[in-house]
Amino acid sequence: NYDQQWKTVADFEQKSLPKSASQEVNNILKQAVADKNSPQVIKALIHQGKYDLVLDAECDTTIFQNLHSMLEKSANTVEKSVLHSMLGELYLQYYQNSRWEIDERTELKGFVPQDMKEWTRDIFFDKVVEHLNASVASRKELENAQVETFAAVVELGKDSRRFYPTMYDFLALRAIEFYKEIEGDLDLSRSLATKNISPKELFVSANEFVKLNFNPQPEEYNLWALETYKKHLTSLLDRKMHSSALLTDLKRIDYLRKLRNAHDIYTLPLLKSMLQEWEEEPISVEIVDDIAGFCQNDFSKTKELYELLQSTVHKFPKYERISMIENRIYRLTESRLTVEGDNTFAKKSDKKLTVKYQNLKKLSAKLYRLHTPFSPAYRNSSEQQKNEVKTFIRTIQIPLPQKPPYESAETDFTIDISDFGTYKLEFESEPTNQKENEQTGFYFSVSDLAVFSRLSAKETYEFFAVNRTTGEPI
């Protein structure tokens, strides 16, 4: 019972007992070899390497020897592809775990030391490319292998099985994620230029994108993710898995953020053209979500975005991920309230405050006079507010010009008060202000006094009290 045995391994690991865990993994490995259960063999070898390293730091290359040995003996194409993928990942992990030491080594050209502990960064990256590329080389065989076959070594989500059911899908997407990690600070625009491809040419439909010729060389690390996106999209389109191709294409477009200027210019027109093609299909919700993410900080498009989000929820209320659109509507129309103005007013001056708000229908303020000492530095202190002694004066109704729920607005109001003292306004709104820790109170004082100071000598300050309006000394 492999599930029970792996549960035992997990229990040992949780109890920090690597030796016991390693012994149990060895038992699983023996059983898996006897059963000719390749997925379990691969999973056991990977765990065995992990525990060997914990028990003996000098065993950090054993896992590579074991997986290469299995690779040489295997006659199963799918199994070999999975092994290549695992090796690509492990070479990357080894480099990342020792990168500060490895990056100090002088690069070697045309020579690979037999001892892996002498390898340079580019040698590791070349190995990553070699194995990840090999992992998706046998496209037809992998397209005919269901991902559940290797459930022991792959994470199976509901959506991944539905949209990406084959081992080719799994290994291609996995390769893309690892390729992204070896790109470093290489300039993608410059690499594309060597292929006579402009950034603009990447912002096209999937059908057009797969016609581009990247032809990356092993050392052109920042072109391999694009090349693998091309391979995967080609496979999905050939299999007429158009919804899956759409999801992969959205991932590709998001990846192109690294071409910042081009992404800013060409992404929205591309997404809109995709939406036009898919607008009657529930999966168009995914495109709408990407459009919303792109436009969320562009206030000139707020109305257009709000209407698009609302129509999407209305059209596809039962889509399994419609909640992400509903959440965007919630954030876009969240009630907000901010009050701005002077903290001290002269007795005869206009006591005008400005209210900045969004999605509020009604607003009122209760005016209180404070009888406890007040420090402006602690105006938002919950302790100060709890100990306040105050007297209610009256409620002030604040008329709000009505705006669409997604639009911010502001209005002014004045407070009719002339007695000297310190005051507080407590606001009540409809709907209630939804943002935590946002302003619900405003403190101000009525006084004809102002104080300023100056340094007159070392460690000596002079303070002056003057009339707030005229500036005359008191």
Side-chain angles (χ1 to χ4, degrees), residues 18-19 21-23 25-26 29-30 32-33 38-138 153 171 174-186 215-225 227-228:
K19 188 172 182 178
S22 178
Q23 291 171 349
V25 168
N26 285 333
L29 180 59
K30 292 175 184 177
V33 170
S38 298
Q40 290 292 344
V41 170
I42 295 171
K43 183 175 181 179
L45 285 174
I46 291 172
H47 278 74
Q48 186 183 62
K50 179 173 71 172
Y51 296 128
D52 284 348
L53 180 58
V54 172
L55 295 169
D56 185 352
E58 295 302 314
C59 293
D60 57 353
T61 60
T62 302
I63 181 62
F64 295 95
Q65 298 166 10
N66 291 338
L67 289 180
H68 274 291
S69 175
M70 186 176 180
L71 184 61
E72 291 171 5
K73 295 175 183 176
S74 176
N76 183 297
T77 300
V78 178
E79 178 182 292
K80 292 177 76 170
S81 298
V82 173
L83 287 166
H84 278 300
S85 182
M86 296 296 175
L87 280 164
E89 177 187 14
L90 288 169
Y91 279 121
L92 178 61
Q93 286 182 349
Y94 187 98
Y95 164 75
Q96 290 173 334
N97 290 338
S98 306
R99 66 178 302 167
W100 303 114
E101 178 185 351
I102 294 171
D103 286 349
E104 291 296 317
R105 299 171 188 164
T106 303
E107 286 297 341
L108 304 172
K109 299 296 182 183
F111 171 65
V112 179
Q114 190 170 11
D115 187 351
M116 193 169 139
K117 296 182 183 297
E118 298 176 6
W119 287 7
T120 61
R121 188 202 70 160
D122 284 359
I123 294 175
F124 280 102
F125 283 10
D126 289 346
K127 288 293 182 182
V128 173
V129 170
E130 173 191 339
H131 286 286
L132 293 181
N133 204 21
S135 73
V136 294
S138 303
V153 288
L171 293 173
R174 178 178 165 86
I176 288 168
E177 293 307 308
F178 294 138
Y179 281 136
K180 291 176 184 177
E181 297 188 43
I182 64 171
E183 294 175 347
D185 55 359
L186 293 172
N215 189 28
Q217 299 306 301
E219 69 277 5
E220 294 176 316
Y221 306 126
N222 60 345
L223 292 179
W224 281 102
E227 175 69 10
T228 311

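Val25 and Ala44 get closest at one heavy-atom pair: CG1-O, 3.3 Å. Looking at every heavy atom in both residues, Thr228 comes nearest to Ala175 through CG2-CB, 4.3 Å. Closest heavy-atom contact between Leu171 and Ser135: CD1-O, 3.4 Å. Heavy atoms only, all atoms of each residue included: Asn76 and Val78 are closest at OD1-N, 2.9 Å. Here the closest heavy-atom approach between residue Gly88 and residue Val128 is recorded as O-CG2, 3.6 Å. For Ser81 against Ala134, the heavy-atom pair with the smallest separation is OG-O, 4.4 Å.
No donor-acceptor distance shorter than 3.5 angstrom exists from the side chain of Ser69 to the backbone of Gln65, with no hydrogens or angles considered. Judged by distance alone, the side chain of Trp224 and the main-chain N or O of Ile182 form no donor-acceptor pair under 3.5 Å. The closest donor-acceptor contact from the side chain of Ser22 to the backbone of Lys19 lies at 3.5 Å or more, if one exists at all. A donor-acceptor pair under 3.5 Å is absent between the side-chain atoms of Asn133 and the main chain of Val129, judged by distance alone.
Taking the side chain as every heavy atom from C-beta outward, Ile42 and Leu83 approach each other to under 4.5 Å. Looking only at side-chain heavy atoms (C-beta outward), Tyr221 and Asp126 come within less than 4.5 Å of each other. The shortest distance between side-chain heavy atoms of Pro39 and Val82 does not fall below 4.5 Å. Between Leu71 and Lys80 the shortest side-chain heavy-atom distance falls below 4.5 Å.
Atom CE of residue Met86 and atom CG of residue Leu132 lie 11.5 Å apart, to the nearest 0.5 angstrom. Separation of atoms CD (Glu220) and CG (Asn215) is listed at 8.0 Å; rounding is to 0.5 Å. Rounded to the nearest 0.5 Å, atoms CG (Leu108) and CZ (Arg121) are 13.0 Å apart. Here Glu227 contributes atom CD and Asn222 contributes atom CG; the two are 12.5 Å apart, rounded to the nearest 0.5 Å. Annotation: the span from Leu67 atom CG to Tyr91 atom OH amounts to 9.0 Å, rounded to 0.5 Å.
Ring centroids of His84 and His68 are separated by 6.0 Å or more, keeping the two rings apart.
Residue-environment remark: NZ (Lys180) exceeds the threshold of 12 foreign heavy atoms within 6.0 Å.
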Worked verdict on Glu177 versus Glu181 for side-chain contact (heavy atoms from CB on, under 4.5 Å)
CA-CA 7 Å; Glu177 293 307 308; Glu181 297 188 43; 5.5 Å; no
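Residue pairs meeting the salt bridge (Lys or Arg N to Asp or Glu O under 4.0 Å) criterion with at least one member in residues 85-99, sequence neighbours excluded: Glu89-Arg174, Arg99-Asp103. The salt bridge (Lys or Arg N to Asp or Glu O under 4.0 Å) analysis of residues 104-116, with sequence neighbours excluded, yields the pairs Glu101-Arg105.
Under the 30°/60° scheme for interplanar angles, the aromatic rings of Phe125 and Tyr95 are found to stand perpendicular.
Shown here are the ring pair (Phe, Tyr, Trp, His ring centres under 6.0 Å) partners of Phe124, two or more places apart in sequence or in another chain: Tyr94, Trp119.
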